[in-house]
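Some notes on the structure that comes next.
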Amino acid sequence: MVMAEESPRSPEAKVGMQVEDLWDIQEPQLSPTEKLNACFESIPVSAFPPAPLHQGIEIRSDSSLAEAVQILAEHKILSAPVVDVDAPDHASWIDRYIGIVEFAGIAVWILHQSEPPSPRSTSGGNALVAATNGVISPLEQQVLGPESAAATPGSFFESLTSSELYKSTQVRDISGSFRWAPFLALQTSNSFLTMLLLLSKYKMKSIPVVDLGEGKIENIITQSAVIHMLAECAGLQWFESWGTKTVSELGLPMMSPASIVKVYEDEPVLQAFKLMRKKRVGGIPVIEKGGRAVGNISLRDIHFLLTAPEIYHDYRSITARNFLTAVRDYLEKHEESSPMLSNMITCKKDKTIKDLILMLDSKKIHRVYVVDNDGNLEGVITLRDIISRLVHEPRGYFGDFFDGVLPLPQNSRV
């Protein structure tokens with residue numbers, strides 16, 4: 001008997017028990033996926049366990065970019081809502097928040113600074129403000145164009161982080177990197193199914209849940225939090241009926257080896273972040289000349305360019321290989337834990353989805369690479385891919401759901 005069935009040890013396990021109770025009363029003719037859809041549609045997102053205090057972070061709009069980077073890095077989060085310091089006390093949530101600051105937007109900022117004019121140029125700041133306020137899709141097209149990212153000398157980021165531009169740029173200047181303004185949020189009465197679909201099919205990495213009465217964010221649900229919830233449900237009937245299938249039986253990985261976005265070890269490290277932003281992926285493998293993957297760079301790793309710029313000082317240029325080496329040495333020296341210290345996390349197609357979820361949750365990683373018996377890359381499986389195999393979107397499910405979201409201007413860079 002699994003302990004979670006007798007006495008749930010976590011709030012996530014209690015949610016699993018709710019699904020279990022609903023599972024038992026579903027019509028027998030329904031398929032397992034249809035049963036799960038019905039179960040998750042019956043549970044409001046208010047039942048999802050609140051995010052840990054260190055993840056429920058809000059950043060002031062007048063905070064400097066340096067302060068925002070440090071906060072995101074220290075709390076190991078990818079993004080945070082930005083509170084408008086000029087909003088009145090009783091403002092609605094739409095007026096209280098101006099957007100999301102995230103490492104994806106910071107990546108664009110860094111890529112922009114790596115091109116002429118230099119980091120100490122004052123004109124670059126004005127161009128960035130224009131770009132990040134929705135009138136600059138031409139800027140992002142320039143930054144994310146077909147050419148490779150600029151090579152940067154080892155001292156570049158020391159110069160950048162000591163520049164007046166870096167010190168004076170505020171969060172409000174780069175917070176327009178989300179797809180909606182200020183962001184797409186759920187109400188507490190929305191369902192788990194809605195939340196799961198937004199995190200998978202609609203490619204959202206996190207979803208704020210707002211309290212309309214208070215005008216504040218009550219919870220932030222991330223892909224990682226959903227994977228942790230699923231891991232806590234191991235042993236329950238509904239989970240086992242789905243989780244004991246192999247990744248190949250569930251149609252994973254979804255992309256072919258040729259479709260994997262990757263960077264080669266001798267390319268500039270900024271090329272890795274440029275590809276991630278351009279292709280809208282959260283991480284890519286670093287490939288050596290022989291074709292073997294030697295590491296992985298995630299979007300959140302970009303903070304190492306700004307929080308520890310001195311570690312690249314002795315490199316003539318910061319390539320993807322040099323970046324991995326410098327960051328790993330830095331982490332070992334400071335005895336910090338990080339997925340970057342691990343070798344490539346891989347699995348084979350015969351691994352069960354349950355084992356994959358448990359591994360992703362325990363290692364706190366967002367993707368795993370699928371390899372064949374010879375170690376060759378066959379694909380990648382992300383948290384979003386797993387969630388997408390748990391539920392499906394019924395025809396016409398969202399209706400006019402997105403009509404209530406304030407869109408960014410037509411010329412927005414997102």
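All figures in this text were calculated on a predicted structure; none of them were measured in a lab. The first residue in the sequence is number 1, and the count goes up from there.
- Residue-environment remark: NZ (K216) stays at or below the threshold of 12 foreign heavy atoms within 6.0 Å.
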Side chain to side chain contact (heavy atoms under 4.5 Å, CB included) between L36 and T33: does it pass, once the steps are laid out? CA-CA 5 Å; L36 284 177; T33 302; 5.7 Å; no
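- For the pair E335 (side chain) and E332 (backbone), a donor-acceptor distance under 3.5 Å is absent.
- Side-chain contact between F304 and L331: present, with at least one pair of heavy atoms (C-beta onward) separated by less than 4.5 Å.
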Test Q26 against C39 for side chain to side chain contact (heavy atoms under 4.5 Å, CB included), laying out the working first. CA-CA 8 Å; Q26 298 303 314; C39 292; 4.1 Å; yes
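- L306 CG to L72 CG: the interatomic distance, rounded to the nearest 0.5 Å, is 11.0 Å.
- The main-chain N or O of L160 is found under 3.5 Å from a side-chain atom of S163 such that the two form a donor-acceptor pair.
- Results of the side-chain contact (heavy atoms from CB on, under 4.5 Å) test with M195 over I43, V226, V209, N190 single out V226 as the only residue that passes.
- Atom NE2 of H90 has 12 or fewer heavy atoms from other residues, nucleotides or ligands within 6.0 Å.
- E74 places no side-chain N or O within 3.5 Å of a backbone atom of I71 that could act as its donor or acceptor partner.
- Between atom CG of residue N37 and atom NE2 of residue H392 there is a gap of 4.5 Å, rounded to the nearest 0.5 Å.
- Side chain of E34 to backbone of S31: a donor-acceptor contact under 3.5 angstrom is found.
- Proximity of I260 to L377: side-chain heavy atoms (C-beta onward) are separated by under 4.5 Å at one or more points.
- One N or O on the side chain of E20 and one on the backbone of Q237 form a donor-acceptor pair closer than 3.5 Å.
- With hydrogens and angles ignored, the 3.5 Å screen pairs no side-chain donor or acceptor of D21 with any backbone N or O of Q18.
- Shortest non-hydrogen contact noted between T246 and K349 is CB-O, 3.7 Å.
- Nearest heavy-atom pair, A80 versus I59, reported as atom, atom and distance to 0.1 Å: CB-CD1, 3.9 Å.
- For A150 against P268, the heavy-atom pair with the smallest separation is O-CB, 3.7 Å.
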Salt bridge (charged side-chain N to carboxylate O under 4.0 Å, His left out) assessment of D86 paired with R172: CA-CA 11 Å; D86 298 321; R172 71 177 90 215; 3.7 Å; yes
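- The shortest non-hydrogen separation linking K262 to P257 is NZ-O, 4.1 Å.
- Distance CZ/R321 to OH/Y315: 10.0 Å, rounded to 0.5 Å.
- Taking the side chain as every heavy atom from C-beta outward, N296 and Y369 approach each other to under 4.5 Å.
- Between L356 and I386 the shortest side-chain heavy-atom distance falls below 4.5 Å.
- Legend: salt bridge (Lys or Arg N to Asp or Glu O under 4.0 Å) pairs involving residues 234-255, not counting sequence neighbours, sorted by first then second residue: E240-K354.
- Few gaps surround NZ on K364; more than 12 heavy atoms of other groups in view lie less than 6.0 Å from it.
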Using the rule given for side chain to side chain donor-acceptor pair (under 3.5 Å), can you reason through N322 versus T325, listing the C-alpha separation, both sets of side-chain angles and the distance that settles it, and then say yes or no? CA-CA 5 Å; N322 291 342; T325 301; 5.4 Å; no
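- Note: L383 CG to L199 CG = 10.0 Å, rounded to the nearest 0.5 Å.
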Pair H228-S10, side chain to side chain contact (heavy atoms under 4.5 Å, CB included): steps then yes or no: CA-CA 11 Å; H228 178 62; S10 69; 5.6 Å; no
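- Ion pairing between a basic and an acidic side chain is recognised when a charged N comes within 4.0 Å of a carboxylate O; K167 and E67 show no such pairing.
- Pairing each heavy atom of S114 with each of L270, the nearest pair is CB-CD1, 3.5 Å.
- Aromatic pair F398/Y202: ring centres closer than 6.0 Å.
- Residues V82 and R60 come closest through the heavy atom pair CG1-C, 4.2 Å.
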Show your working on side chain to side chain contact (heavy atoms under 4.5 Å, CB included) between K203 and R280 and close with a plain yes or no. CA-CA 9 Å; K203 302 182 179 181; R280 299 300 194 262; over 6 Å; no
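- With hydrogens and angles ignored, the 3.5 Å screen pairs a side-chain donor or acceptor of D385 with a backbone N or O of T382.
- L390 places a side-chain heavy atom less than 4.5 Å from the side chain of L230.
- Counting heavy atoms from C-beta on, the side chains of M204 and I207 come closer than 4.5 Å.
- A donor atom on one side chain and an acceptor atom on the other are not found under 3.5 Å apart for E310 and Y330.
- Judged by distance alone, with hydrogens and angles left aside, the side-chain atoms of E102 form no donor-acceptor pair with the main-chain N or O of L78 at under 3.5 Å.
- With rounding to the nearest 0.5 angstrom, the OH atom of Y97 is 11.5 Å from the CG atom of D84.
- With rounding to the nearest 0.5 angstrom, the CD1 atom of I297 is 6.5 Å from the CD1 atom of I284.
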Take H366 and Q223, measure what side chain to side chain donor-acceptor pair (under 3.5 Å) needs, and give me the verdict at the end. CA-CA 8 Å; H366 292 185; Q223 292 178 347; 5.8 Å; no
Carefully, step by step, assess Y312 and T152 under the rule side chain to side chain donor-acceptor pair (under 3.5 Å). CA-CA 10 Å; Y312 317 101; T152 51; over 6 Å; no
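- Between the side chain of T169 and the backbone N or O of Y166 there is no donor-acceptor pair closer than 3.5 Å.
- Side-chain contact between N219 and F48: present, with at least one pair of heavy atoms (C-beta onward) separated by less than 4.5 Å.
- Between the side chain of W238 and the backbone N or O of G16, at least one donor-acceptor pair lies under 3.5 Å.
- T319 has its side chain out of reach of Y264: every pair of non-hydrogen atoms, C-beta onward, lies at least 4.5 Å apart.
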